[in-house]
Amino acid sequence: MKPIRVILLPGSVLPADEAYGPLIEALGPDVQAVAKDLELYADDVPPPGWSLDTEIDGVLREADARGWDTFHLLGYSGGGAAALAFAAKHPDRLLSLALLEPAWAGNWDWSPAHTELWRQYDRLETLPPEQFMPAFMRLGVRHDVVLPPPPPGPPPPWMAKRPAGIKAFLGTFKSYDLDRARLAAFRPPVFFALGGLSNPDDYGEIAARLARVFFPDFHLEVFPKRHHFDPPHRIEPKRLAELLRRHWEKAETG
């Protein structure tokens, strides 16, 4: 069997190598897994006119440079939103899609609770930098989850880019036209990993909406003890790797 080819898109905080190192090790040598950093962080500030289309173009360049006509795509959080956008625009390039709590999945069919949650996300933009990240993280988990304090010592240099990058994601989510009809026509298998301690009005609502409206071959896997900021690709990489290999092998033998 040929090696499994997959591009991994990170979220809006950790660089790709730090986010996916444990998962890539657990996947083993017969999976050609490329942890691709977001185009959003190529420079010190977000590129002018950046949107999810910028990330789509970056994935295409990465795949074309490797000679990959088709491949599997996995995205977490903001990278999950970019992966959904890629699936809508270039379904012919994908053998499968894997979503690890995508940060956004279109602006239609929102529940009242999801709508209220996004009003709270909108209010984040008015906060000073020292309050922004704690408030952002608080919205991503259940109300009774205790988030750990920041690690001791100075933050890594790349962290300085993250508040502006998160705000760029929040901005493009308001205006981006995620093609509902194109997603509804997507036929390759779709895997969705959901943390049991994540905010159900956010990621749980997205999972239910995608399963209900789209994707005839949709598999939801719940990680009961995980949440958005201690996700399975970092904390339970072996279990996630087993599930992903099964997902990808099914897609390739389909």
Side-chain angles (χ1 to χ4, degrees), residues 1-11 15-17 19-21 23-42 47 49-106 172 176-193 210 214-219 221 233 237 240-254:
M1 180 180 292
K2 294 181 180 179
I4 296 171
R5 298 170 169 179
V6 56
I7 294 176
L8 314 174
L9 298 179
D17 286 342
Y20 288 121
L23 178 62
I24 290 173
E25 182 178 357
L27 286 170
D30 58 332
V31 176
Q32 294 182 4
V34 177
K36 183 195 174 301
D37 278 311
L38 297 174
E39 302 294 315
L40 180 64
Y41 296 128
W50 177 90
S51 75
L52 295 182
D53 285 337
T54 313
E55 300 301 333
I56 290 173
D57 292 342
V59 172
L60 287 173
R61 284 194 300 272
E62 184 72 39
D64 291 346
R66 295 175 178 275
W68 292 3
D69 293 331
T70 58
F71 54 95
H72 305 275
L73 183 61
L74 178 150
Y76 159 71
S77 194
L84 270 172
F86 189 97
K89 289 207 167 183
H90 299 283
D92 56 309
R93 299 296 297 269
L94 295 185
L95 297 169
S96 78
L97 181 64
L99 303 170
L100 312 180
E101 294 196 349
W104 174 84
T172 199
Y176 191 84
D177 182 17
L178 184 62
D179 194 321
R180 177 175 179 162
R182 293 290 296 274
L183 280 185
F186 188 81
R187 290 297 176 265
V190 177
F191 174 91
F192 194 114
L210 290 179
F214 305 121
F215 305 144
D217 191 349
F218 182 90
H219 177 75
E221 194 72 32
H233 56 280
L240 180 60
E242 291 175 2
L243 293 165
L244 287 171
R245 289 180 66 96
R246 196 178 309 156
H247 167 69
W248 294 330
E249 288 166 2
K250 173 186 175 183
E252 296 205 359
T253 59

Pairwise distance [atom1]([X]) to [atom2]([Y]) - rounded to 0.5 angstrom:
X    : Y    : atom1 : atom2 : answer
W248 : L27  : CH2   : CG    : 5.0 Å
T172 : D53  : OG1   : CG    : 7.5 Å
L97  : F191 : CG    : CZ    : 11.0 Å
Q32  : W68  : CD    : CH2   : 5.5 Å
L52  : L84  : CG    : CG    : 9.5 Å
E39  : E62  : CD    : CD    : 9.0 Å

Give me the atom names and distance for the closest heavy-atom approach of [X] to [Y].
X    : Y    : result
P102 : A81  : CB-N, 3.9 Å
R93  : D64  : NH2-OD1, 2.8 Å
A35  : D17  : CB-OD1, 3.9 Å
I24  : A33  : CG1-CB, 4.0 Å
S96  : P188 : CA-CB, 4.0 Å
E55  : A82  : CB-CB, 3.9 Å

Decide yes or no for [X] and [Y]: does some side-chain heavy atom of the first lie under 4.5 Å from some side-chain heavy atom of the second?
X    : Y    : result
R245 : D30  : yes
D179 : K89  : no
T54  : L40  : no
V190 : L210 : no
F86  : I7   : no
D217 : R187 : no
P15  : D37  : yes
T70  : R5   : no

Item checked: Counterpart residues, salt bridge (Lys or Arg N to Asp or Glu O under 4.0 Å), relative to E221 (two or more places apart) -> R239

Check: Got a sec, which residues hit salt bridge (Lys or Arg N to Asp or Glu O under 4.0 Å) with R246, two or more places apart in sequence or on another chain?
Finding: none

Checklist line | Pair R182 + D177, salt bridge at N-O below 4.0 Å | finding: no

Next item on the list: Among H247, K2, H72, find the one that has a side chain to side chain donor-acceptor pair (under 3.5 Å) with E252.
Entry: H72

Notebook entry, point to check: Any idea how F215 and F218 line up, ring-wise: parallel (<30°), tilted (30 to 60°), or perpendicular (>60°)?
Noted result: parallel

Notebook entry, point to check: Passes side-chain contact (heavy atoms from CB on, under 4.5 Å), W50 versus L38? Steps please.
Noted result: CA-CA 11 Å; W50 177 90; L38 297 174; over 6 Å; no

Checklist line | F192: ring pair (Phe, Tyr, Trp, His ring centres under 6.0 Å) partners, not counting sequence neighbours | finding: none

Item checked: Flag, side chain of Y20 to backbone of L9, donor-acceptor distance under 3.5 Å -> yes

